[in-house]
Amino acid sequence: EMLGYDSQGMMYEAGEGVAKNATRATELYRKACDGSSMYGCNHLGRIYESGEGAAKDMTRAAELYRKACKGGLMLGCSYLGTMYGSGEGIAKDAAREVVLYRKACDGGSMDGCNRLGICYDEGRGVVKDLVQAVDLYRKACDGGSMDSCGRLGFCYDEGRGVAKDAARAVDLYRKACDGGITWTCS
């Protein structure tokens, strides 16, 4: 039943099959979360983070992502990691950010793998390691993260952590562009 609330919330949030109503979506996500749906908690966290459907409250968003993560939803771990990285709603902590991305990635979240790759690419919370970044981008791209496909394409384009390969870069940019990552389209 709680997943039903979450699914209905997504319909109201997107306006799919019903009139778009962010307030109603928020109510449904809250019911789902209160009923122990980690998806509901994660969606509710997103609502508080964006301020669309409820007053923006980054601290509340972080609490909800923490609940989703502790409840086993790896995307919640990834989103919580992002909050530790930005320091919004929670004390900035790059080491904690990396731990959460690693947990998310190891748990099957391609968003977590992509974000962990970015940390290795930039040397944020870890020692900079372009080869590790490429491996993570590849894993996430293969798992459906179009942002990772674009980042992997950039690595091949520039020879960052991998041998330069213009043809491979173009293929990856095209895949990412087809997946909606607009910066890879030109």
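All heavy atoms count here, side chains included; hydrogens, waters and symmetry mates do not. Everything quoted here is computed from the prediction, not taken from an experiment.
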J.: Under a 3.5 Å distance rule, please check whether Tyr12 uses its side chain to pair with a backbone N or O of Thr26 as donor and acceptor.
T.: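 Flag not set: sc Tyr12 to bb Thr26 has no pair under 3.5 Å.
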J.: Quick check: do Leu130 and Gln132 have side-chain heavy atoms less than 4.5 Å from each other?
T.: no
J.: Is it the case that the side chains of Ser78 and Asp111 hold a donor-acceptor pair, with the cut-off being a distance below 3.5 Å and no angle test?
T.: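 Asp111 vs Ser78: donor-acceptor pair found between side chains.
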J.: Return a table of donor-acceptor pairs under 3.5 angstrom between the side chains of residues 178-186 and protein atoms on other chains or two or more places apart.
T.:
{"residue": "Thr184", "atom": "OG1", "partner": "Tyr173", "partner atom": "O", "Å": "3.3"}
{"residue": "Thr184", "atom": "OG1", "partner": "Cys177", "partner atom": "N", "Å": "3.0"}
{"residue": "Thr184", "atom": "OG1", "partner": "Ile181", "partner atom": "O", "Å": "2.6"}

J.: Which residues pass the side-chain hydrogen bond (donor to acceptor under 3.5 Å, both in side chains) test with Tyr101, not counting sequence neighbours?
T.: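 Counting only residues at least two positions away or on another chain, Tyr101 forms a side-chain hydrogen bond (donor to acceptor under 3.5 Å, both in side chains) with Thr82, Glu97.
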J.: For a side-chain contact (heavy atoms from CB on, under 4.5 Å) check, start with the C-alpha distance between Tyr29 and Met10, then their side-chain angles and the critical distance, and finish with the verdict.
T.: CA-CA 8 Å; Tyr29 291 148; Met10 290 188 296; 3.3 Å; yes
J.: Should Arg160 and Glu158 count as an ion pair when the cut-off is N to O under 4.0 Å?
T.: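 Here Arg160 does not pair with Glu158 in a salt bridge, since their nearest N and O are not under 4.0 Å apart.
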J.: Give the minimum heavy-atom separation between Cys113 and Ala140, together with the two atoms involved.
T.: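 Minimum heavy-atom contact is CB-CB, 3.9 Å.
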J.: Does the side-chain contact (heavy atoms from CB on, under 4.5 Å) test come out yes or no for Leu152 and Val134, once each step is laid out?
T.: CA-CA 6 Å; Leu152 185 57; Val134 166; 3.8 Å; yes
J.: To the nearest 0.5 Å, what is the distance between SG (Cys69) and CG (Asn42)?
T.: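 Here the rounded value is 9.5 Å.
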J.: Test Lys92 against Ser86 for side-chain contact (heavy atoms from CB on, under 4.5 Å), laying out the working first.
T.: CA-CA 6 Å; Lys92 190 170 186 159; Ser86 70; over 6 Å; no
J.: Is there side-chain contact between Val98 and Leu116, with at least one heavy-atom pair below 4.5 Å?
T.: yes
J.: So Ser148 and Met110, do their side chains get closer than 4.5 Å, heavy atoms only?
T.: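 Side-chain contact under 4.5 Å: no.
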J.: To the nearest 0.5 Å, tell me how far Thr23 OG1 sits from Leu28 CG.
T.: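 The distance works out to 11.0 Å.
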J.: Show the nearest heavy-atom pair for residues Val127 and Tyr120, with the distance to one decimal.
T.: O-CD2, 3.7 Å
J.: Could you pull out the closest heavy-atom pair between Glu52 and Ile47, with the gap in Å?
T.: O-CD1, 3.3 Å
J.: Could you give the distance from CG (Leu64) to OG1 (Thr59), rounded to the nearest 0.5 Å?
T.: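 Rounded to the nearest 0.5 Å, the CG-OG1 separation comes to 11.0 Å.
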J.: Give the C-alpha distance, both sets of side-chain angles, the deciding distance and a yes or no for salt bridge (Lys or Arg N to Asp or Glu O under 4.0 Å) between Asp106 and Arg102.
T.: CA-CA 6 Å; Asp106 291 348; Arg102 184 167 285 116; 5.4 Å; no
J.: Is any NZ, NE, NH1 or NH2 atom of the basic residue among Arg60 and Glu49 found under 4.0 Å from an Asp or Glu carboxylate oxygen of the other?
T.: no
J.: Which heavy-atom pair separates His43 from Asp6 by the least distance, and what is that distance?
T.: CD2-OD1, 2.8 Å
J.: Locate the shortest heavy-atom distance separating Leu80 from Ala62; write the atom from each residue and the value.
T.: CD1-O, 3.6 Å
J.: Please identify each residue that fulfils side-chain hydrogen bond (donor to acceptor under 3.5 Å, both in side chains) with Tyr79, with sequence neighbours left out.
T.: none
J.: Going from OG on Ser109 to CG on Leu100, what distance comes out if it is rounded to the nearest 0.5 angstrom?
T.: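 Separation between the atoms: 11.0 Å.
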J.: Given side chains that start at C-beta, do those of Lys70 and Met38 come closer than 4.5 Å, heavy atoms only?
T.: no
J.: Out of curiosity, does Phe154 fall in the hydrophobic cluster containing Met146 (side-chain heavy atoms, cut-off under 4.5 Å, transitive links)?
T.: yes
J.: Rounded to the nearest 0.5 Å, what separation is found between the CZ atom of Arg46 and the CG atom of Leu75?
T.: 9.0 Å
J.: Below 4.5 Å, heavy atoms only, C-beta onward: do Tyr48 and Glu63 meet side chain to side chain?
T.: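 Tyr48 vs Glu63: side chains apart.
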J.: Strictly below 4.0 Å, N to O, side chains only: are Lys175 and Asp171 in salt-bridge contact?
T.: no
J.: How many angstroms lie between CD in Glu88 and CE in Met58, if you round to the nearest 0.5 Å?
T.: 4.0 Å
J.: Judged by modelled atom types alone, do Tyr5 and Glu27 share a side-chain donor-acceptor pair under 3.5 Å?
T.: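 No, no side-chain donor-acceptor contact under 3.5 Å.
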J.: Which atom pair, heavy atoms only, marks the closest approach of Arg96 to Asp93?
T.: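 Answer, listing the atom of Arg96 first, then Asp93: N-OD1, 3.0 Å.
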